[in-house]
Amino acid sequence: MSTPSEVLTQRLREALAAAGLDQTRGSVMQATDTRFGDYQANAAMVLAKEHKSNPRQIAASILDKIDVSGISATPEIAGAGFLNFRLTPEFLSSALSRMANDPRLGVPTADAPRKFLIDFSSPNVAKPMHVGHIRSTILGDCIMRVARFLGHEVVADNHIGDWGTQFGKVIYGWKHFLDREALAKDAISELVRLYRTVNSLEETDESVKREAREELVKLQSGDPENLAIWKETVELSWREFEKLYALLDIRFDERLGESFYNDALAPLCDDLEKRGIATVSEGALCIFFPQIPALADKPTIIRKSDGGFLYATTDLATIVHRVETWHPDEILYVVGAPQALHFQQLFAAAEMMGLHCTLRHIAFGSILGENRKIMKTRSGENIGLADVLNEAIVRARAILSDRGDHLPPKEQEETARLIGLGAVKYAELSQNRLTDYVFSWDKLLAFEGNTAPYLQNAYVRIQSIFRKAECPPDPSAPVTLTDPAERALAVKLLQYAETVPAILDDFRPNLLANYLYELANTYHSFYEACPVLKSEPDVRASRLVLCDLTARTLSHGLGLLGIRCPSRM
RNA sequence: GCAGCCGUAGCUCAAUUGGAUAGAGCAUCUGACUACGGAUCAGAAGGUUAAAGGUUCAAGUCCUUUCGGCUGCACCA
């Protein structure tokens, strides 16, 4: 099943070929405004430039050859040389009927399926997940869902921060100040308390600092007691993370943290040095990038002068392991934009090593504080992710019991969760991933306007119609479009199939969020203008199909964003 | 200092990657509730896209300069 833009592009290219013009210049896209019809093409203007001739004349010669039978009215030449297409009612009706009988709602699978490995979320052990982790976690999950739906293979790997200098302090604290009861109650809070206690002691007591460092060295050299403590902190932290992932409905295929690569680091460095890729400079083993101007004076260190390894070392070892184990076509790193340089260096190094895999940094903007400064991990003032999610659910529950349906307590609780969590996820996914934003409870937890609850509400209203109709919609019922609002909804529905694949072009879920919002908007206008249940039987059946398609598209699209729809709210 | 990202309505953000008269949501104002669910709809108002130049049929988008902001830049992750 082809989308309108695919069919029109095909017809346009045939016409270009027939007119002796360059076919590759022909592409038809959604009109920027309903005044210009449903679809538009600017091929005539592009070709006019290449041939140094009149665009409207070229447009006329295309019109002379183009066959749009069965899909569009004869295109109109407008403006500087645009071709405007208007889909015929017959085409819309039959395309909608096909969509109604298709579980994929017309969305094609990828022509060339790829294998992706997605690296996202990556929380640090012994630290709570905070708002800064929202974007990576939710974006990564969404990209995974979309890629799988489009027929790609995906490995989701949570590269957790389970190794590092902080464990010296945590272990020292564990041995001296551990409160078992508090640990059982809220493990991460207790671990954070230990870390902070030791940290502040170190400021006044040199011996504490020294002993904490010794604990770290013992851990790194495999001391059984410290290894056991470390392992326990990792597992306790992971259990806390899992609670949040369960709440967010997010699952990983792998959980290979930094520690997994420890044994690979020294051999990797030796190998790179032997191959001449890395060289010693000022006592440290470095990789230089003389062939890349931007990195000419920016080497990356993979082994410190004291023999210790770094983040870059682990990341390189991780790439090697991933390529050897899963042979992905592409590895995606869903990590904040400030780390752009690190990834540039990392990818350049991987290239020098001859690792055959496309590496992409899916960067996103930072969450800023009230002062418009970036929220730093070290500040200790971070807002916990769990707090945000719980607050969202509390607010949803309050609105629900205030003005929602009178639902049984269990359903009410479940619905409050779907609404609250949906609002948080949608707030993230509906904006361009690269823009920074100021953290705001009200924005993240908004339930009105362009929000998930708005979309969920549209879905719920449709379900309500179905309950009152007392018979399920019949997808085989003929669809007739007479009212402009019906037509607008029909065109919008068919564009779902064009929107979903576009998400992966530049990994931008906000394209889907924007689409779903427009769909719900278009539906609401239809809903106001076109009575469903009170109409004549034929019209009623046709409109029920439109309702059904809208509900299924909303539910499916939100599902790709990781958001579920309640049937009542 | 060098590099990267950014600057769009009072606020928060879009803009199909160079397409037509720059669009939404909040907030403000005017209408629509004996309702197929008002978490809604119809409408109004709000802009020299930081500034100046350039490229072309066409620039928020590409190039140059200036101003302002953020981020990164050898032994943290």
Side-chain angles (χ1 to χ4, degrees), chain A residues 5 29-33 35-36 40 42 45-46 48-49 54-55 78-82 84 122 124 161 163-166 258 281-286 294-295 297-306 308-312 314-315 336-342 344 363 365-366 368 372-374 377-378 396 399-400 403-405 419 430-432 434-438 440 442-443 446-451 453-454 456-458 460-469 498-499 502 505-506 510-511 513-515 517-518 520-521 524-525 527-535 543 547 568-569:
Chain A
S5 76
M29 57 191 194
Q30 295 171 16
T32 52
D33 193 297
R35 295 194 297 281
F36 308 134
Q40 64 182 41
N42 58 18
M45 292 179 305
V46 175
K49 184 175 192 143
N54 184 315
F82 291 94
N84 291 340
S122 311
N124 290 317
W163 198 255
T165 50
Q166 77 268 29
E258 293 167 354
S281 165
E282 295 174 33
L285 187 62
C286 306
L295 297 179
D297 59 345
K298 292 182 169 56
T300 190
I301 296 180
I302 56 172
R303 191 178 63 212
K304 297 193 281 182
S305 49
D306 68 2
F309 303 109
L310 297 115
Y311 170 50
T314 312
D315 275 359
Q339 298 205 45
L341 176 61
H342 166 69
Q344 214 183 336
S366 307
L368 310 177
R372 292 208 67 92
K373 298 263 187 183
I374 193 164
T377 320
R378 301 267 165 85
I399 293 178
L400 212 46
R403 51 181 152 155
D405 284 346
I419 294 172
S430 61
Q431 70 183 328
N432 189 313
L434 281 167
T435 42
D436 292 348
Y437 71 93
V438 177
S440 148
D442 288 338
K443 195 193 161 179
F447 293 158
E448 286 175 351
N450 185 5
T451 64
Y454 171 85
Q456 289 166 324
N457 182 50
V460 164
R461 290 168 82 169
I462 297 171
Q463 298 310 310
S464 175
I465 289 180
F466 293 155
R467 278 191 292 271
K468 290 197 167 124
E498 295 170 0
T499 306
D505 289 349
D506 199 26
N510 72 310
L511 294 178
N514 291 348
Y515 167 83
Y517 178 67
E518 284 169 14
N521 235 329
H524 273 129
S525 299
Y527 180 90
E528 295 286 327
C530 303
V532 177
L533 297 177
K534 290 172 192 158
S535 322
R543 287 181 177 169
C547 288
R568 295 187 288 180
M569 66 192 274

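Letters A, B, ... are given to chains in the order of the sequence lines, protein chains preceding strands, and every chain is numbered from 1. All values derive from a computational prediction rather than experimental measurement.
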Is the side chain of A:Arg543 donor-acceptor paired with the backbone N or O of A:Pro531 at a distance under 3.5 Å, no angle test?
yes
A:Ser525 side chain to A:Asn521 backbone, donor-acceptor under 3.5 Å:
yes
Looking across every strand, which nucleic acid part, if any, lies under 4.0 Å from [X] by heavy atom: base, sugar-phosphate, or nothing?
| X | answer |
| --- | --- |
| A:Thr435 | sugar-phosphate |
| A:Glu282 | base |
| A:Ala294 | nothing |

Hits for ring pair (Phe, Tyr, Trp, His ring centres under 6.0 Å) against A:Phe466, two or more places apart or cross-chain, chain-then-number order -> none
B/S/- along nucleotides 33-41 of chain B (protein heavy atoms under 4.0 Å) is ---BBSBSS
Quantified in whole Å, what is the [atom1] atom distance between nucleotide [N] and nucleotide [M]?
| N | M | atom1 | result |
| --- | --- | --- | --- |
| B:rU71 | B:rG47 | C1' | 29 Å |
| B:rU66 | B:rU30 | C1' | 45 Å |
| B:rG19 | B:rG60 | P | 10 Å |
| B:rC63 | B:rA45 | P | 36 Å |
| B:rC62 | B:rA44 | P | 33 Å |
| B:rA14 | B:rC6 | C1' | 16 Å |
| B:rG31 | B:rG38 | C1' | 14 Å |
| B:rC5 | B:rU64 | P | 11 Å |

Test item: A:Leu368 and A:Ser366 side chains (from C-beta on) under 4.5 Å apart, heavy atoms
yes
I need the [atom1]-[atom2] distance between [X] and [N], as an integer number of Å.
| X | N | atom1 | atom2 | answer |
| --- | --- | --- | --- | --- |
| A:Leu341 | B:rG4 | CG | P | 11 Å |
| A:Leu368 | B:rC5 | CG | P | 18 Å |
| A:Tyr437 | B:rC70 | OH | C1' | 16 Å |
| A:Asp297 | B:rG72 | CG | P | 17 Å |
| A:His342 | B:rC73 | NE2 | C1' | 14 Å |
| A:Tyr515 | B:rA14 | OH | C1' | 17 Å |
| A:Gln431 | B:rU12 | CD | P | 12 Å |
| A:Lys298 | B:rC75 | NZ | C1' | 17 Å |

Nucleotide N/O of nucleotides 17-22 of chain B paired with protein N/O under 3.5 Å:
unit_1 : atom_1 : unit_2   : atom_2 : d
B:rU17 : O4     : A:Asp506 : OD2    : 3.2
B:rU17 : O4     : A:Arg508 : NH1    : 3.0
B:rG19 : N7     : A:Asn42  : ND2    : 2.6
B:rA20 : N7     : A:Gln40  : OE1    : 3.2
B:rA20 : N6     : A:Gln40  : OE1    : 3.1
B:rA20 : N6     : A:Asn84  : OD1    : 2.4
B:rA20 : N1     : A:Asn84  : ND2    : 3.2

side-chain contact (heavy atoms from CB on, under 4.5 Å) between A:Phe447 and A:Asn457, worked out
CA-CA 10 Å; A:Phe447 293 158; A:Asn457 182 50; over 6 Å; no
Decide, for B:rU71, between syn and anti: a glycosidic angle within 90° of 0 counts as syn, anything else as anti.
anti
Selected nucleotide, minimal atom distance to A:Ile301 side chain, candidates B:rC73, B:rA74, B:rC13:
B:rA74
Quick one: list whatever passes side chain to side chain contact (heavy atoms under 4.5 Å, CB included) with A:Ser281, sequence neighbours left out.
A:Cys286, A:Phe288
Report yes or no: is the cationic atom of A:Lys443 (NZ for Lys, CZ for Arg) under 6.0 Å from the centre of the six-membered ring of A:Tyr437, at an angle within 45° of the ring normal?
yes
Which heavy atom in A:Gly161 sits nearest to a heavy atom in A:Asn124, and how many Å separate them?
CA-OD1, 3.4 Å
Closest heavy-atom pair and its distance - A:Glu282, A:Ser305:
O-CB, 4.2 Å
Mind checking whether A:Tyr517 and A:Tyr454 have parallel, tilted or perpendicular rings, split at 30° and 60°?
tilted
Along RNA chain B (nearest heavy atom to each residue), the more 5'-positioned of A:Asn514 and A:Leu434:
A:Leu434
Test A:Glu498 against A:Tyr515 for side-chain contact (heavy atoms from CB on, under 4.5 Å), laying out the working first.
CA-CA 10 Å; A:Glu498 295 170 0; A:Tyr515 167 83; over 6 Å; no
Of all the base pairs, Watson-Crick or G-U under 3.5 Å, which form stems of three or more consecutive pairs involving RNA chain B?
B:1-7 with B:67-73, B:10-13 with B:23-26, B:28-32 with B:40-44, B:50-54 with B:62-66
Suppose we screen for side-chain hydrogen bond (donor to acceptor under 3.5 Å, both in side chains). Which residues come up paired with A:Asp442, at least two apart in sequence or across chains?
A:Arg395
To the closest 0.5 Å, what do you measure between CD1 (A:Ile419) and CD (A:Gln456)?
6.0 Å
